[in-house]
Amino acid sequence: MSTLFEPSLSTSAMRAPLSTADAPSMADSLPAITFGFDDLRERMARFTDRFDEFIARGRRQVLEERNQFCINVAELQEDQRMKHKDIEILAQKSSHHAAALSAQEVETAEMQSAIAAIIQQRDSHAQHRDRLKSEIGSYKKQIAARRSAQQAYAKEIDAQSRLNVPELDFWETYLGLSIEGAGQVDRLKFVFSNLDERDWEKEAWFELDTERREYRVIGCRPKVEEWEVETCVERLNESRDLGAFLRGMREVFIRGMN
């Protein structure tokens, strides 16, 4: 804004003579001044409009920034809440995983212990199996040896029986000898009668054990001298002559009765 101030006269010329009554006053003699209020008012109005627009724009920007800040804070809080939730979930998973690992370690230890026990049991069974195989082999050898001995003995008995059949028939028919079973496979009971002249029906018997190669007399009735029986058995084991043995035992019973 410019002020138009154009003095037309000097200060000395502005003074009027004091003596003249009709002379103009000093106010009338002042120059006309133009301040330009309209232009100033217009410029002030434009400035006010621009200032109001600047303030409004600043407020809108502040509100937008504030809203954006609130949104960002809310998002950060939500992210933080979600992260805390994720952390809790991960902590639970970690706890469950640790518990599962602990259970697996316990189960692994139990399985290893069971495997060790099974291995030990297997080794024990293998040793027992090997021992049984060895015993079975030994038993097979013993059985084979016994079978061979029994076969030889059967052959010997068969040969002897073929020789003794006529004599045994004579003993059974005329001398009252009978041969009975003694309740076991390898035992024979020989019963004599016609021994006592006072009582021909009176019997005497003895049991002969043929399980082993060396025969034995298990028991006899009536009671006789033991050494006489042993002598007869020794002769039988040496000679394998059953007829001589029966004659000897009959004589032993006759002496015992008389």
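Checked by atom type and distance alone, the side chain of Asn237 pairs as donor or acceptor with a backbone atom of Tyr215 at under 3.5 Å. When atom types are taken as modelled, the side chain of Ser124 and the backbone of Gln120 share no donor-acceptor pair closer than 3.5 angstrom. Not a single donor-acceptor pair under 3.5 Å links the side chain of Ser138 to the backbone N or O of Ser134. Here the side chain of Ser102 pairs no donor or acceptor atom with the backbone of Ala98 at under 3.5 angstrom.
Between Arg255 and Glu228 there is a salt bridge, since a side-chain N of the basic residue sits under 4.0 Å from a carboxylate O of the acidic one.
For Arg66, the CZ atom sits in a loose shell: 12 or fewer heavy atoms of surrounding residues, nucleotides or ligands are nearer than 6.0 Å. Crowding of Arg46 atom CZ: a count of heavy atoms from other residues, nucleotides or ligands under 6.0 Å exceeding 12. Arg235 CZ: 12 or fewer foreign heavy atoms inside a 6.0 Å radius. Around atom CZ of Arg59, no more than 12 heavy atoms belonging to other residues, nucleotides or ligands sit under 6.0 Å away. Counted within 6.0 Å of CD on Glu135, heavy atoms from surrounding residues, nucleotides or ligands total more than 12; the atom is thus considered enclosed.
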**Message:** For a side-chain hydrogen bond (donor to acceptor under 3.5 Å, both in side chains) check, start with the C-alpha distance between Arg122 and His125, then their side-chain angles and the critical distance, and finish with the verdict.
**Reply:** CA-CA 5 Å; Arg122 182 200 62 187; His125 287 171; over 6 Å; no
**Item:** From CA spacing to verdict: side-chain hydrogen bond (donor to acceptor under 3.5 Å, both in side chains), Gln68, Asn72
**Value:** CA-CA 6 Å; Gln68 187 63 38; Asn72 293 335; 3.1 Å; yes
**Asked** Would Phe190 and Phe245 count as a ring pair (Phe, Tyr, Trp, His ring centres under 6.0 Å) if you check the C-alpha gap in whole Å, the side-chain angles of each, and the deciding distance to 0.1 Å?
**Response** CA-CA 11 Å; Phe190 295 88; Phe245 171 69; 7.2 Å; no
**Message:** Go through it in stages, so that I can follow the logic: the residues are Ile136 and Lys140, the test is side-chain contact (heavy atoms from CB on, under 4.5 Å), and I'd like the CA-CA distance, side-chain angles, deciding distance and then a yes or no.
**Reply:** CA-CA 6 Å; Ile136 290 172; Lys140 285 182 178 179; 3.6 Å; yes
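One finds the CE atom of Met111 at 11.0 Å from the CD atom of Gln104 (value rounded to the nearest 0.5 Å). The NZ atom of Lys202 sits 13.5 Å away from atom CG of Asn194, with the distance rounded to the nearest 0.5 Å. Separation of atoms CD (Glu88) and CG (Leu90) is listed at 10.5 Å; rounding is to 0.5 Å. To the nearest 0.5 Å, the span separating CD on Glu105 from CD on Gln112 amounts to 10.5 Å. We find the CD1-CZ distance between Ile254 and Arg250 to be 4.0 Å, quoted to the nearest 0.5 Å. To the nearest 0.5 angstrom, Glu214 atom CD is 9.0 Å from Glu238 atom CD.
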Mind listing the side-chain donor-acceptor pairs of residues 73-84 below 3.5 Å, one per line with the distance, residues two or more places apart or on another chain?
residue : atom : partner : partner atom : Å
Glu78   : OE1  : Arg81   : NE           : 3.4
Glu78   : OE1  : Arg81   : NH2          : 3.4
Glu78   : OE2  : Arg81   : NH2          : 2.4

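When the side chains of ILVMFWY residues are joined at heavy-atom separations under 4.5 Å, either directly or via intervening members, Leu246 and Ile218 end up in two distinct hydrophobic clusters. Put simply, Phe253 and Ile179 are part of the same group of oily side chains (I, L, V, M, F, W, Y) that touch within less than 4.5 Å, one to the next.
Using the six-membered ring where Trp is involved, Phe47 and Phe51 have ring planes that are parallel, under 30° apart on the 30 and 60° scheme.
Through direct or relayed side-chain contacts under 4.5 Å between Ile, Leu, Val, Met, Phe, Trp and Tyr, Ile119 connects to Ile115. Under a 4.5 Å side-chain heavy-atom criterion applied to ILVMFWY residues, the cluster that includes Val191 comprises Trp205 as well.
With a 4.5 Å cut-off on side-chain heavy atoms, Asp38 and Glu42 do not count as touching. In this structure, Arg213 and Arg240 have side chains that are in contact, with non-hydrogen atoms separated by less than 4.5 Å.
Of all heavy-atom pairs spanning Pro222 and Glu203, the tightest one is CD-O, 4.5 Å. A pairwise comparison of heavy atoms in Arg187 and Glu207 identifies NH1-OE1, 4.1 Å as the closest pair. In plain terms, the two heavy atoms of Cys232 and Gly248 that are nearest each other are SG-C, 3.8 Å.
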